[in-house]
Amino acid sequence: MTIPNAPILVTGGAGYIGSHTVRLLADQGWKIVVLDNLVFGHDQAIVDPGVELVVGDVGDQELVRSLFETHRFGAVIHFAAFAYVGESVTNPLKYYQNNTAEPIKLLQVMQEFDCTVFVFSSTCATYGVPEKLPISESNPQNPINPYGRSKLMVEWILTDCGHAWGLRSACLRYFNASGSSPDGKIGEDHHPETHLIPRVMMAVTGEIQYLEVFGTDYATPDGTCIRDYIHVEDLADAHARALDHLVRGGESVRCNLGTGVGVSVREIIAAVEEVTGKTVPVKYGPRRDGDPDSLVADPSLAKQLLGWQASRTNVRDMIVPAWLWMNGPNHGRFPANPRTT
Ligand code: UDP
């Protein structure tokens, strides 16, 4: 891989998927500047001392302009976003502001500086309830919540900027990000934590009393929802490939990032019990609003366009490192951010 001299701006690079990607890109030799407001990110998640962290907002055009003036970025990878679906329903403007309006401001500065490569964190939530499984990119994109719509709008904006001023973009539609780096140095640390795998583990460690299973009457073999859990390091690898593809002059891409393997909530619980050797206290509750029965990717386009496929497809491969992270020196939590306390 040829590494260009121009540095890369990574927004949200102190977050979960961002920090794993930054670590991989730094290992590959890319020069990285992270812009993160540390609202959800953690400065300790940036483990490479060569990576510069700038604390600030993506929509702060004065700041972003000054960064472009200093660094003349060759590309931007944009992770910074809010991702709580339920909150997006009760507070949609917060999501349209942060996930849609802020990237517009970033793109305006990119256009000023003629920076024409953009890698974007999109989501399978842009599909809504799929017409067909597994979900290929030809499925209609009909998001069913403001979070999905806030991301889909950016996909459209990127397409329009491509036509208007030659922006080349990769919209990477993640399925369920999970796992952590195998050395246990970085991992998933959300406040609040709503995701299934960490919550199952929190039930095992006693951090929460029990895991509530949201619905047992779905049209799936065991009645619980089926999702496609993709290892965060595989997501990082896809970003590195997308960046390389675009920097070398490749066309814009829109593709799914999943394993193609569906796993139910009950299967996750069973796998966590197997890995930890402990029983998960469980309570069976009603459905959570807006959860489709099954979301499983057809990941073949990413293979065709980027040469990418998930290297880990067994859910144990996500659970083992996640459990290591939970049991590491920080018990699945980064120490408080010195800049924000
Ligand atoms: N889920 C659950 N209990 C929880 C958290 C999640 O039963 O405490 C279920 C949820 O209904 C969904 C699956 O686990 O079917 C994955 O949810 P998660 O929030 O991890 O990801 P999502 O698919 O919503 O992005």
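Index from 1, following the sequence. In each ligand, atom 1 is the first atom listed, and ligand 1 is the first ligand listed.
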Margin query: Geometry only, no angles: is Phe214 polar-contacting ligand 1 at N/O separations under 3.5 Å?
Written below: yes
One residue to check: [X]. Relative to ligand 1, which of side chain, backbone, both or neither has a non-hydrogen atom less than 4.0 Å away?
| X | answer |
| --- | --- |
| Asp291 | side chain |
| Asn176 | side chain |
| His195 | both |

[Y] backbone acceptor or donor facing [X] side chain under 3.5 Å:
| X | Y | value |
| --- | --- | --- |
| His78 | Leu106 | no |
| Arg266 | Asp222 | yes |
| Arg199 | Glu193 | yes |

Among all the protein's non-hydrogen atoms, which is closest to [atom], and how far away is it?
| atom | value |
| --- | --- |
| atom 24 (O) of ligand 1 | Arg288 NH2, 2.7 Å |
| atom 15 (O) of ligand 1 | Cys225 CB, 2.9 Å |
| atom 5 (C) of ligand 1 | Thr194 O, 3.4 Å |
| atom 3 (N) of ligand 1 | Glu212 O, 2.7 Å |
| atom 20 (O) of ligand 1 | Leu196 N, 2.8 Å |
| atom 16 (C) of ligand 1 | Tyr229 OH, 3.6 Å |
| atom 9 (C) of ligand 1 | Val265 CG2, 3.8 Å |

Check: For ligand 1, which atoms sit closer than 4.0 Å to a heavy atom of Arg199?
Finding: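 Every atom of ligand 1 under 4.0 Å from some heavy atom of Arg199: 8 (O).
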Checklist line | Subset of ligand 1 atoms that lie under 4.0 Å from at least one heavy atom of Val213 | finding: 7 (O)
Next item on the list: Measure across Ala6 and Arg72 and return the closest heavy-atom pair with its distance rounded to 0.1 Å.
Entry: CB-O, 3.8 Å
Aromatic contact, [X] with [Y] (centres under 6.0 Å):
| X | Y | result |
| --- | --- | --- |
| His191 | Phe40 | no |
| Phe68 | Phe73 | yes |
| Phe79 | His20 | no |

Notebook entry, point to check: Is the count of non-hydrogen atoms from other residues, nucleotides or ligands lying under 6.0 Å from Gln108 atom CD greater than 12?
Noted result: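 More than 12 heavy atoms, drawn from other residues, nucleotides or ligands, come within 6.0 Å of this atom.
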Next item on the list: Just do the salt bridge (charged side-chain N to carboxylate O under 4.0 Å, His left out) check on Glu137 and Arg254 with the steps written out, would you?
Entry: CA-CA 8 Å; Glu137 290 75 4; Arg254 275 94 183 87; over 6 Å; no
Check: So is Tyr147 in contact with ligand 1, going by heavy-atom distances below 4.0 Å?
Finding: no
